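Side-chain atoms are counted along with the backbone in the values below, which use heavy atoms only and exclude waters and symmetry mates. Note that the structure is a prediction, hence the values are computed from the model and not measured.
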Amino acid sequence: MPERILIGVAWPYANGPLHLGHLAGAYLPADIFARYHRARGSEVLMVSGSDQHGTPITIRAEQEGVSPQQVVDRYHSQFLDCWERLGISFDLFTTTGTANHAAMAQEIFSALYQKGYIYKDTMLLPYCPTCKRFLADRYIVGTCPVCGYADARGDQCDNCGSTLDPKDLKEPRCRISGDTPDFLESEHFFLKLTAFQEQLLNWVRQQTHWRPSVLNFTTRFLEGGLKDRAVTRDLDWGVPVPIPGYDSKRIYVWFEAVIGYLSASMEHSQAIGKPQYWEKFWKEECRVYNFLGKDNIPFHTIIWPAMLMGYGGLNLPYDVPANEFLTFESQQFSTSRNWGVWVSDYLDRFEPDPLRYYLSANMPETSDSDFSWREYLRRNNDELVATYGNLVHRVLTLTHRHFEGRVPEPQSQDEIGLQLLVKAEEHFVEAGQYLEGCRFRMGITSLMGLAREANRYLDATAPWRLVKEDIFKAASCLWTALTVINCLKTGLYPYLPYSSEKLHKMLGFQDDVRDHGWVWSPNLLPPGQPLGQLEPLFTKLDDSIIERETQRLGV
């Protein structure tokens, strides 16, 4: 049944180019999910934007000697270009720099303050005597007290995922000067997370549909006891504190960025001329999904729900299908070391669908996974070209050659053909169930299994021989294969939108593949329908690409 679905995708810091880890972690799975639900007829809103107030932006700006806004503008435009070329179908991709977002962040801050969920207190903050300023969390690096990782940030350890405070770090140092900071008292505002301890724990224990990694991490975090958390910092970049007398402070990014899901929904409503449309997703029956990487789990399963509970009247997240990390050649992506594959660079040289396929088939849903150019080449050549593309080429070539380029009229159906049609239905239903449950890797694996079944059917029936021996049997055989190809086109559309659209036209349809919805039956490809112009669905790649792409890394 059609539903109302809100998809909020993690907001990337606008301080550097997107790499494949970003795609595999949040943006590709969110797009697959959105395309599937739109095809099903669900009312979908997918929003995100550039996080422009994170300290990574100010650090980059200081390093380059430019303003933070210049950094944001540069990378935000790159993000938009990447989404367009890769087919990431946001309804709105905005920034946290809009007046609308600032107003909503200040409203929630004020409401929580008035209810006593935000309060004033003093705290020890790192102060760099060399830089002569208080340092935000990400300006501090040191050794993680939990796992011993030597390059943990002041807000979080990327190695073990622990949420940290700068004073927790061992051997802390200023990221800019390298000096050891002093810790001085400063007055700030705190979110009273402790007030939501039991309410959050009771709510989380009901979320049995969450991925085990997300549910277990969140439950352990809550059972360990929450601590109140500062929501302001001594900065001049960000959303101002909406209380007189605190002009030198800003709402801290971790608090206001998650509000972007709400403010972006409102911005989208204004853009389409329906100012109250957002309320359908936030105040009425709706399933809210947040797609993100595992390092963002506590902000979306604990802090953001606590803020929503305190504010009141808005939907809590239904699911938080956080992915694990994608590595590159078994190492973490690193901008500073030029170690990685940058999305814009990839799209300058290759087609989008092979990358979407590789990342879908290798998606880090339950554990970290790895990208390598050798495996990318293998999956493109052996799976997309030799399995799926070859199936399409063989069947459509024979149909063009022997049936005047029209879908043949089946005269009768043998047992093996009927079995293939049953398997097609089973795989299509199974893929839909996997997509519904955010198990994208299993969904594409099932559909490619159907492509292999269809190739085995062709090998068993040999229509290239039947056209010489029994044209009627050949007609039935090719009709069956074309019908299964039509099933694959629809099932793979959320994953491979460009090639599915190309195949849709090759099968003779004049509209867009998405207009047909998430339905399939043998009756949807009418006999006699003229086929479109035949062209290769995918392109085989040469082994030299491996060496060429490795040399681009300078290794």
Side-chain angles (χ1 to χ4, degrees), residues 351 353-354 357 380-414 416-421 423-424 427-428 447-448 450-493 495-516 519-541:
E351 294 298 317
D353 271 1
Y357 175 75
N380 180 82
N381 292 349
D382 294 354
E383 297 174 12
L384 286 181
V385 175
T387 299
Y388 185 27
N390 187 46
L391 169 68
V392 171
H393 180 76
R394 289 200 290 175
V395 173
L396 268 68
T397 297
L398 286 168
T399 305
H400 273 282
R401 183 176 300 158
H402 298 286
F403 292 92
E404 299 179 340
R406 294 178 179 271
V407 177
E409 178 81 42
Q411 303 300 315
S412 62
Q413 193 63 268
D414 57 17
I416 187 173
L418 291 172
Q419 287 177 359
L420 180 60
L421 294 179
K423 288 178 181 177
H427 281 275
F428 187 76
L447 291 164
M448 289 302 289
L450 175 59
R452 285 188 284 272
E453 293 276 4
N455 275 312
R456 285 192 285 270
Y457 170 76
L458 286 184
D459 293 339
T461 55
W464 48 88
R465 286 203 304 266
L466 286 177
V467 292
K468 302 173 184 177
E469 301 167 0
D470 191 329
I471 196 65
F472 297 111
K473 285 186 178 181
S476 297
C477 173
L478 290 174
W479 174 85
T480 299
L482 285 167
T483 297
V484 173
I485 288 171
N486 195 43
C487 176
L488 288 167
K489 172 207 74 179
T490 300
L492 288 169
Y493 165 71
Y495 298 96
L496 311 175
Y498 294 103
S499 52
S500 283
E501 193 64 58
K502 183 190 294 186
L503 181 53
H504 189 63
K505 296 298 190 291
M506 284 196 282
L507 290 172
F509 295 100
Q510 301 302 311
D511 54 3
D512 294 330
V513 63
R514 62 178 179 270
D515 297 331
H516 286 235
V519 292
W520 175 79
S521 78
N523 302 322
L524 294 179
L525 187 64
Q529 174 165 291
L531 299 177
Q533 182 176 349
L534 179 61
E535 56 181 308
L537 197 56
F538 303 102
T539 302
K540 187 174 182 180
L541 299 175

Participant: Do Thr461 and Thr480 make a side-chain contact, defined as non-hydrogen atoms from C-beta onward lying under 4.5 Å apart?
Facilitator: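 They are not in contact (no side-chain heavy atoms under 4.5 Å apart), so the answer is no.
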Participant: For a 4.5 angstrom cut-off between non-hydrogen side-chain atoms, does Arg394 reach Asp459?
Facilitator: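 Yes - at least one pair of side-chain heavy atoms lies under 4.5 Å apart.
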Participant: Would you name the heavy atoms of Ala451 and Leu391 that are closest together and state the gap between them?
Facilitator: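 Ala451 and Leu391 have their closest heavy atoms at O-CD2, 4.1 Å.
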Participant: Counting N and O atoms only, with roles assigned by atom type, does the side chain of Lys502 sit under 3.5 Å from a partner on the main chain of Pro536, one being a donor and the other an acceptor?
Facilitator: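 Such a contact is found between Lys502 side chain and Pro536 backbone.
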Participant: Can you tell me how far the CG atom of Asn380 sits from the CZ atom of Phe538, to the nearest 0.5 Å?
Facilitator: 8.0 Å
Participant: Tell me the closest heavy-atom pair linking Gly491 and Leu447, and the distance in Å.
Facilitator: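 The pair with the smallest heavy-atom distance is O-CD1, 3.2 Å.
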Participant: Could you tell me which residues satisfy side chain to side chain contact (heavy atoms under 4.5 Å, CB included) with Arg401, sequence neighbours excluded, listed by chain and number?
Facilitator: Thr397
Participant: Within a reach of under 6.0 Å around CD of Glu404, are more than 12 heavy atoms found that belong to other residues, nucleotides or ligands?
Facilitator: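 No - once you tally the heavy atoms of other residues, nucleotides and ligands closer than 6.0 Å, there are 12 at most.
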Participant: Of all heavy-atom pairs between Leu450 and Ala424, which one has the smallest distance, and what is that distance?
Facilitator: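 Result for this residue pair: CD1-CA, 3.7 Å.
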Participant: I would like to know whether His400 and Val395 meet side chain to side chain contact (heavy atoms under 4.5 Å, CB included); could you show each step before the answer?
Facilitator: CA-CA 9 Å; His400 273 282; Val395 173; over 6 Å; no
Participant: Is the shortest side-chain heavy-atom distance between Leu531 and Met506 below 4.5 Å?
Facilitator: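 Of all side-chain heavy-atom pairs linking Met506 with Leu531, none is under 4.5 Å.
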Participant: For a 4.5 angstrom cut-off between non-hydrogen side-chain atoms, does Pro408 reach Leu482?
Facilitator: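 They are in side-chain contact.
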Participant: Just jot down the side chain to side chain contact (heavy atoms under 4.5 Å, CB included) partners of Arg465, sequence neighbours excluded, or say none.
Facilitator: Ala462, Glu469
Participant: Check side chain to side chain contact (heavy atoms under 4.5 Å, CB included) between Gln419 and all other residues, then give those that pass, not counting sequence neighbours.
Facilitator: Glu415
Participant: Taking side chain to side chain donor-acceptor pair (under 3.5 Å) as the definition, give me every residue that meets it alongside Tyr493, ordered by chain and number, with sequence neighbours left out.
Facilitator: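 If we apply the side chain to side chain donor-acceptor pair (under 3.5 Å) test to Tyr493, skipping adjacent residues, the hits are Arg35.
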Participant: Please name the pair of heavy atoms, one in Thr387 and one in Arg452, separated by the smallest distance, quoted to 0.1 Å.
Facilitator: CG2-CG, 3.7 Å
Participant: With side chain to side chain contact (heavy atoms under 4.5 Å, CB included) as the test, would you mind laying out the steps for Leu421 and Val484 before giving the verdict?
Facilitator: CA-CA 7 Å; Leu421 294 179; Val484 173; 4.2 Å; yes
Participant: With sequence neighbours left out, which residue pairs that include part of residues 451-484 fulfil the ring pair (Phe, Tyr, Trp, His ring centres under 6.0 Å) condition?
Facilitator: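 Applying ring pair (Phe, Tyr, Trp, His ring centres under 6.0 Å) to every pair that reaches into residues 451-484, excluding sequence neighbours, yields nothing.
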Participant: Looking at side-chain heavy atoms only, is the closest gap between Pro497 and Asp353 below 4.5 Å?
Facilitator: yes
Participant: About how many Å separate OG1 of Thr399 and CD1 of Ile485, when rounded to the nearest 0.5 Å?
Facilitator: 8.0 Å
Participant: Using side-chain heavy atoms (C-beta onward) and a distance below 4.5 Å, is Arg514 in contact with Thr490?
Facilitator: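 In short, these two side chains do not touch, never coming nearer than 4.5 Å.
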Participant: Report the residues that fulfil side chain to side chain donor-acceptor pair (under 3.5 Å) with Lys473, sequence neighbours left out, ordered by chain and then residue number.
Facilitator: none
Participant: Please determine whether the number of non-hydrogen atoms from other residues, nucleotides or ligands lying under 6.0 Å from atom CD of Glu501 exceeds 12.
Facilitator: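 Enclosed: over 12 neighbouring heavy atoms sit under 6.0 Å from CD of Glu501.
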Participant: I need the Asp470 CG to Ser476 OG distance, nearest 0.5 Å.
Facilitator: 8.5 Å
Participant: Of all the heavy-atom pairs spanning Ser500 and Lys489, show the shortest one and how long it is.
Facilitator: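 Of all heavy-atom pairs spanning Ser500 and Lys489, the closest is OG-O, 2.9 Å.
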Participant: What distance do Glu535 atom CD and His393 atom NE2 have between them, rounded to the nearest 0.5 Å?
Facilitator: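 Rounded to the nearest 0.5 Å, the CD-NE2 separation comes to 12.5 Å.
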Participant: Give me the ring orientation class for His516 and Phe509: parallel if the planes are under 30° apart, tilted from 30 to 60°, perpendicular past 60°.
Facilitator: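 Aromatic pair His516/Phe509 classed perpendicular.
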Participant: Looking at Leu420, is its backbone amide N or carbonyl O close enough to the side chain of Glu453 to form a donor-acceptor pair, meaning the two atoms are under 3.5 Å apart?
Facilitator: no
Participant: Ignoring hydrogens and angles, tell me if any N or O in the side chain of Ser499 forms a donor-acceptor pair with the backbone of Leu537 under 3.5 Å.
Facilitator: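 Judged by distance alone, no pair lies under 3.5 Å.
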Participant: Answer yes if the side chains of Tyr357 and Glu383 hold a donor-acceptor pair under 3.5 Å, and no otherwise.
Facilitator: yes
Participant: To the nearest 0.5 Å, what is the distance between CG on Leu503 and CG on Leu492?
Facilitator: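 It comes to 9.5 Å.
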Participant: Write down the atom of Val407, the atom of Pro526, and the distance for their closest heavy-atom approach.
Facilitator: CB-O, 3.5 Å
Participant: For Leu488, does its backbone N or O pair with a side-chain atom of Trp520 as donor and acceptor, under 3.5 Å?
Facilitator: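 The answer is no, because no donor-acceptor pair under 3.5 Å joins these two groups.
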